[in-house]
Amino acid sequence: MLLALDEGTTSTRAVVLDDAGEFLATSTHEITQHYPQPGWVEHDAAEIWQRTQAAITAALNAAGAGPGDISAIGITNQRETVVVWDPATGQPLAPAIVWQDRRTALRCEQLTAAGHEPLVRLRTGLTLDPYFSATKIEWMLANVEGLSQRAHSGRAVFGTIDSWLIFCLTGEHATDPSNASRTLLYDIIDGSWSPTLCDLFGVPIQALPEVRPSCGVMGTVRAAGLEVLHGVAVAGVAGDQQAALFGQACLRSGEAKQTYGTGAFLVVNAGGLPPPSPAGLLASIAWQVGSKVTYALEASMFVAGAAIQWLRDELQIIESAADSEALAASLSDNGGVYFVPALTGLGSPYFDPYARGTIVGLTRGCGRAHFARATLEAIAYQTVDAVRAVEGARGEDLAELRADGGAVHNGFLMQFQADVLGIPVVVGEVTETTVFGAAALAAVATGLWTLDQVGRSWQESRSYEPAMTSDQREALLADWERAVQRSRGWARK
Ligand code: ADP
């Protein structure tokens, strides 16, 4: 059996799988969200570890797994979030700063104004944004009393959530390249922490974890309280989006997945060389197997399923997310109504924090159905923008898009997506691709599965074939583009 841990933003989950990859048991425990000030989001790292232990114990019990039954552990996690702890006691030294936290926005603007963006983009594939870890660590060092001294003398260490869990489980201070490549401190071309970037953000390089392959042994469990797992290797680690790419078996260059969740994340396997990462897209490392690094190109859409939640909770024009499907399908077309769901600004490829939600084309005959349809169409149009940006950057078109996340249950959305993309959209049998990806990395690392087997074991559940003429597609996309222009720059600075 395999154990996979998925430490997300709102919950931590443990899943036990059999050797063939079938899910045997799952246990999910919530994580408390702390919002000490507007724009700040924190987690308690000690709580994360406690709840993860509880999830592990419950999942092992439910699966009837005893000592010797688990052959390897995989970890996937919310990315960018920073934990700081004392390596001697294992005690966190400050609240963890979560990826959503915006407290370093001004600092990022200053660094951009000072001209650091081109170097950062070249070496890390990322952009100067509070989202990533480096300015969060810089903030901790400047604001947590005594931390800077401790970090310089080996009495405080930093890590992303994977690194924290690896430490708690095994006592090793390690991470993998997919997580390291989201910190703004890791040089994705050289494949190592960058002394130049550590200097820029004032981060003592010795306080960062050792970077080890995503697929390989990070350490073996020796945590008190988890005796049943003692000696089991943590052997697969990847950030959530990269793990989903692996779980969708997008193992060859040019294969891509889109996760339709609260937001949506498009990730394409970019092969063995660092891809160009033009503004509006992010390059990172997908995974490292042995010494072989695979890169990824990523586009993020901030609002996808969240717009459906907005229809349900704020507008109250649907009772459940699933109702949006029949409502949208009750119309033969969108009636010229477009909704740009820029409720928190626009993500890839625009990255416009000043864009706001905009609905255009309303006429007297419009009603709930138009809102539902425009919202689902918008999720698909945003995906087309992201796919075209990725295709433009790579100079190669996608052959198909593998889809996962909660909104893949919406048949209208999936069919419309295939229509406006002009390529098949394929939903796999495994819907829990993130946690499956972590388990698969661990299974490959311990020789239980081969990489080829991961590729071959992927099974299609449903394929949506494009059925729209290209004239019709381009006319819709042209109007969507006009709507996007109207949403941009709306909020005042
Ligand atoms: P996350 O992991 O981001 O919490 P999930 O993958 O669980 O998200 O997906 C939940 C999202 O999917 C919600 O935002 C919800 O509105 C949306 N969703 C779920 N079912 C449907 C559906 N049938 N049609 C459209 N959206 C849906």
Side-chain angles (χ1 to χ4, degrees), residues 4-13 15 23 26 28-31 33 41 43 76-81 98-100 131 161 239-245 247-248 257-267 298-331 339 341 343-344 347 357 368-383 401-418 425 427-428 430-438 461-462 464:
L5 308 178
D6 180 3
E7 207 296 305
T9 311
T10 56
S11 67
T12 184
R13 222 150 47 104
V15 177
F23 286 50
T26 298
T28 306
H29 291 243
E30 298 247 310
I31 298 296
Q33 312 292 312
V41 188
H43 284 163
T76 181
N77 55 289
Q78 51 162 322
R79 304 175 298 176
E80 297 101 12
T81 298
V98 178
W99 58 273
Q100 296 152 321
Y131 184 21
I161 292 287
D240 50 13
Q241 295 309 319
Q242 289 98 326
L245 188 70
Q248 283 274 31
K257 68 89 197 168
Q258 164 81 315
T259 301
Y260 298 87
T262 310
F265 292 90
L266 174 74
V267 186
E298 186 174 319
S300 328
M301 289 126 273
F302 302 143
V303 172
I308 302 291
Q309 291 167 355
W310 180 74
L311 295 181
R312 185 193 62 196
D313 302 337
E314 265 68 41
L315 296 191
Q316 300 180 356
I317 61 175
I318 48 175
E319 269 182 29
S320 73
D323 292 349
S324 61
E325 179 166 358
L327 205 51
S330 70
L331 300 175
F339 172 36
L343 306 177
T344 55
R368 300 158 62 222
H370 290 86
F371 275 75
R373 181 156 183 142
T375 305
L376 289 171
E377 286 195 0
I379 296 171
Y381 296 135
Q382 292 190 98
T383 305
L401 184 65
R402 291 188 175 176
D404 53 67
V408 298
H409 300 296
N410 192 306
F412 172 86
L413 172 61
M414 292 296 104
Q415 182 57 50
F416 190 77
Q417 184 69 81
V425 173
V427 180
V430 174
T431 50
E432 299 283 352
T433 56
T434 308
V435 79
F436 181 75
S461 158
R462 175 122 195 228
Y464 296 85

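Just follow the structure's listing: the first ligand is 1, and inside any ligand the first atom is 1.
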Nearest-neighbour protein heavy atom for atom 24 (N) of ligand 1, which is reported as residue plus atom name and distance: Asn410 ND2, 3.0 Å

Measure the distance from atom 3 (O) of ligand 1 to every protein heavy atom, then report the residue, atom name and distance (to 0.1 Å) of the closest one. Thr262 OG1, 2.7 Å

Could an N or O of ligand 1 be found under 3.5 Å from any N or O of Gly305, whether backbone or side chain? yes

Quick one: does Gln309 get within less than 4.0 Å of ligand 1, heavy atoms only? yes

Mark up the atoms of ligand 1 that fall under 4.0 Å of a heavy atom belonging to Ala322, in ascending order. 23 (N)

Sub-3.5 Å donor-acceptor pair from the side chain of Arg402 to the main-chain atoms of Gln248, do we have one? yes

What residue and heavy atom of the protein are closest to atom 26 (N) of ligand 1, and at what distance? Ala407 CB, 3.6 Å

Please say whether Gly263 places an N or O atom under 3.5 Å from an N or O atom belonging to ligand 1. no

Nearest non-hydrogen protein atom to atom 21 (C) of ligand 1, with distance, is Ala321 CB, 3.6 Å

State whether the side chain of Gln33 and the backbone N or O of Ile31 hold a donor-acceptor pair below 3.5 Å, judged by distance alone. yes

Geometry only, no angles: is His409 polar-contacting ligand 1 at N/O separations under 3.5 Å? no

Measure across Met301 and Gln258 and return the closest heavy-atom pair with its distance rounded to 0.1 Å. SD-NE2, 3.6 Å

Would you mind listing which atoms of ligand 1 come within a distance below 4.0 Å of any non-hydrogen atom of Gly405? 6 (O)

State, to 0.1 Å, how close Leu401 and Lys257 come at their nearest heavy-atom pair, and which atoms those are. CD1-C, 4.0 Å

Ligand-residue contact atoms, ligand 1 with Ala306, heavy atoms, under 4.0 Å: 14 (O)

For a ring-ring contact (aromatic ring centres under 6.0 Å, His included) check, start with the C-alpha distance between Tyr381 and Phe416, then their side-chain angles and the critical distance, and finish with the verdict. CA-CA 9 Å; Tyr381 296 135; Phe416 190 77; 5.6 Å; yes

Side chains of Thr259 and Asp404: donor-acceptor distance under 3.5 Å anywhere? yes

Are any non-hydrogen side-chain atoms of Gln382 and Pro341 less than 4.5 angstrom apart? yes

Would you say Thr383 and Gln417 are linked by a side-chain donor-acceptor pair, where the criterion is simply a distance under 3.5 Å? yes

Starting from atom 5 (P) of ligand 1, find the nearest protein heavy-atom neighbour and note its residue, name and distance. Gly406 N, 3.7 Å

Near Ser324 (heavy-atom distance under 4.0 Å), the atoms of ligand 1 are 24 (N), 25 (C)

For the pair Phe23 and Phe436, name the ring-plane relationship: parallel under 30°, tilted 30 to 60°, perpendicular over 60°. parallel

